[in-house]
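Counting begins at 1 with the first residue of the sequence.
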Amino acid sequence: MRTLKLLMGLWMALALLPNAQAQDTQRQVVEALSARSKSEQKVVIRGLLDTAPQANGNVLMVFPGWPGIPRIELRNGQPAFFYLQQHVERMRPVLLAAGISLLTVDCPTDQWGQRGPNPSACDDEFRSSEAYADDVRRLIEQVRNQQTLTRFFAMGHSYGAISSHWLSLRLPDHLAGAIHSATQSIAGGGPFTGYAKSIDQFPHEQVRVPFVYLHHRDDLCRFTPYRFAQRQGSPNRLITVVGGNRWSDPCGKASYHSYDERHEAVGQALVRWINEGVVTPVAGAE
């Protein structure tokens, strides 16, 4: 029961505007057909694209945390979604002003599973597969074909970091870099043992694209300990966030896990790494 409550906390940390319909006309839904599509079942992977007003060609691909399935679609001709990554939404003005476009990436439609705060599909077995990498590759190429966007950076937060890890290994020719944010390195228990179970065996030494870990030093969410980022990111591949708010559940939205009250500092650190390749060792202040 405690595990279920904590996983629900992860969901609350990451949820924004459930059942929302986007009103921003700058946003558009982009989709690519999966190789798994058949005549009787169309399978697509979608992304919600925010193109910067003065785009510099860089795209931050966001893979949301728990449950990791935002269900992006067009509804009445408008972008709609189950949830988005809240702290990225708060950093959005900083990123767009720096010329960085945003692409929130969904799981392909045959991996949506049951709608709700906990996933029933799109687990580690799928996220680590060549089939998933091919889906994301197709989405990248679709965006490239439609826009003047050329350099793609994968950022997964919490459970979404399972995606950013495996894609950094499988798509070296399509990614300019990867950002692993508050990585879930401890698998969920009970029915969720298939989520984050692959991270212990991830072959970091085989990754060819630049990567950086982003993590709050005092993250209290038990699924996302800082020590994992310290071990894998040190000494020059780690952005440590300090200070901020911890008033919610440890995995919640007003917590260190979600960089509450440090969105500006974290956003600027992302801008420096994406646009200049510079690692900010410490983001925020005590």
Side-chain angles (χ1 to χ4, degrees), residues 1-16 18 62-68 83-91 117-119 123-124 155-165 178-200 202 211-235 237-270 279-286:
M1 179 62 70
R2 177 170 174 78
T3 295
L4 182 58
K5 288 181 178 178
L6 285 167
L7 290 170
M8 287 290 288
L10 276 171
W11 151 247
M12 292 302 294
L14 309 166
L16 176 71
V62 180
F63 295 84
W66 200 268
Y83 77 107
L84 296 178
Q85 191 76 66
Q86 187 181 56
H87 64 269
V88 175
E89 289 294 291
R90 292 182 177 177
M91 292 186 283
N118 291 311
D123 60 4
D124 282 37
M155 184 176 82
H157 181 75
S158 198
Y159 183 61
I162 302 302
S163 289
S164 59
H165 276 82
I179 302 155
H180 311 308
S181 171
T183 300
Q184 182 178 347
S185 55
I186 296 177
F192 306 113
T193 54
Y195 296 83
K197 70 176 183 179
S198 67
I199 200 70
D200 283 343
F202 182 76
F211 65 88
V212 67
Y213 281 84
L214 171 67
H215 215 114
H216 198 292
R217 182 193 62 195
D218 301 314
D219 191 341
L220 299 174
C221 182
R222 79 174 182 90
F223 298 101
T224 59
Y226 174 62
R227 63 180 179 272
F228 178 83
Q230 268 189 310
R231 184 170 68 249
Q232 302 298 340
S234 295
R237 289 174 169 167
L238 176 62
I239 301 171
T240 297
V241 184
V242 298
N245 191 347
R246 62 170 187 172
W247 300 116
S248 74
D249 177 277
C251 305
K253 60 184 178 181
S255 69
Y256 293 150
H257 178 71
S258 299
Y259 315 128
D260 195 47
E261 296 185 359
R262 289 296 178 267
H263 303 116
E264 177 77 20
V266 174
Q268 293 294 351
L270 290 174
V279 172
T280 303
V282 178
E286 300 286 358

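- Here the straight-line distance linking atom OG of Ser181 with atom CG of Leu270 works out to 7.5 Å at 0.5 Å rounding.
- Considering every non-hydrogen atom in both Arg262 and Val241, the closest pair reads CB-CG1, 4.0 Å.
- Separation of atoms OG1 (Thr183) and NE2 (His165) is listed at 4.5 Å; rounding is to 0.5 Å.
- With respect to Val88, the side-chain contact (heavy atoms from CB on, under 4.5 Å) criterion is satisfied by exactly one of Gln86, Arg90, Met91: Met91.
- Shown here for Phe63 and Ser163, the closest heavy-atom pair between the two residues is CD2-CB, 3.8 Å.
- Taken from CD in Gln232 to CZ in Arg237, the straight-line distance is 10.5 Å, to the nearest 0.5 Å.
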**Request:** Let me see the working for Lys197 and Ile162 under side-chain contact (heavy atoms from CB on, under 4.5 Å), right down to the final yes or no.
**Result:** CA-CA 9 Å; Lys197 70 176 183 179; Ile162 302 302; over 6 Å; no
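- Judged by distance alone, with hydrogens and angles left aside, the side-chain atoms of His87 form no donor-acceptor pair with the main-chain N or O of Glu261 at under 3.5 Å.
- The closest side-chain heavy-atom distance from Ile239 to Val279 is below 4.5 Å.
- For the pair Gln184 and Ile199, the minimum side-chain heavy-atom distance is 4.5 Å or more.
- In this structure, Tyr195 has its ring center under 6.0 Å from that of Trp66.
- In the model, Asp124 has a side-chain atom that pairs as donor or acceptor with a side-chain atom of Tyr159 under 3.5 Å.
- Proximity of Phe223 to Ser158: side-chain heavy atoms (C-beta onward) are nowhere separated by under 4.5 Å.
- Closest heavy-atom contact between Gln230 and Leu238: CA-CD2, 4.0 Å.
- For the pair Arg217 and Tyr256, the cation-pi criterion (under 6.0 Å, within 45° of the ring axis) is not fulfilled.
- Across all non-hydrogen atoms, the minimal contact from Tyr83 to Pro64 is OH-CB, 3.6 Å.
- Within the 4.5 Å cutoff, the side chain of Asp219 has no heavy atoms near those of the Phe228 side chain.
- Note: Phe202 CZ to His180 NE2 = 6.0 Å, rounded to the nearest 0.5 Å.
- Under the 4.5 Å side-chain criterion, counting only non-hydrogen atoms from C-beta, His157 is in contact with His257.
- Side-chain atoms of Arg246 and Asp218, non-hydrogen and from C-beta on, never get closer than 4.5 Å to each other.
- Side-chain contact check for Ser255 versus Leu220: every heavy-atom pair is 4.5 Å or farther apart.
- The minimum heavy-atom distance between Gly284 and Ala265, with the atom names listed, is N-CB, 3.6 Å.
- Thr224 OG1 to His215 NE2: the interatomic distance, rounded to the nearest 0.5 Å, is 4.5 Å.
- Closest of all the heavy-atom pairs between Ser258 and Gly252 is OG-O, 3.1 Å.
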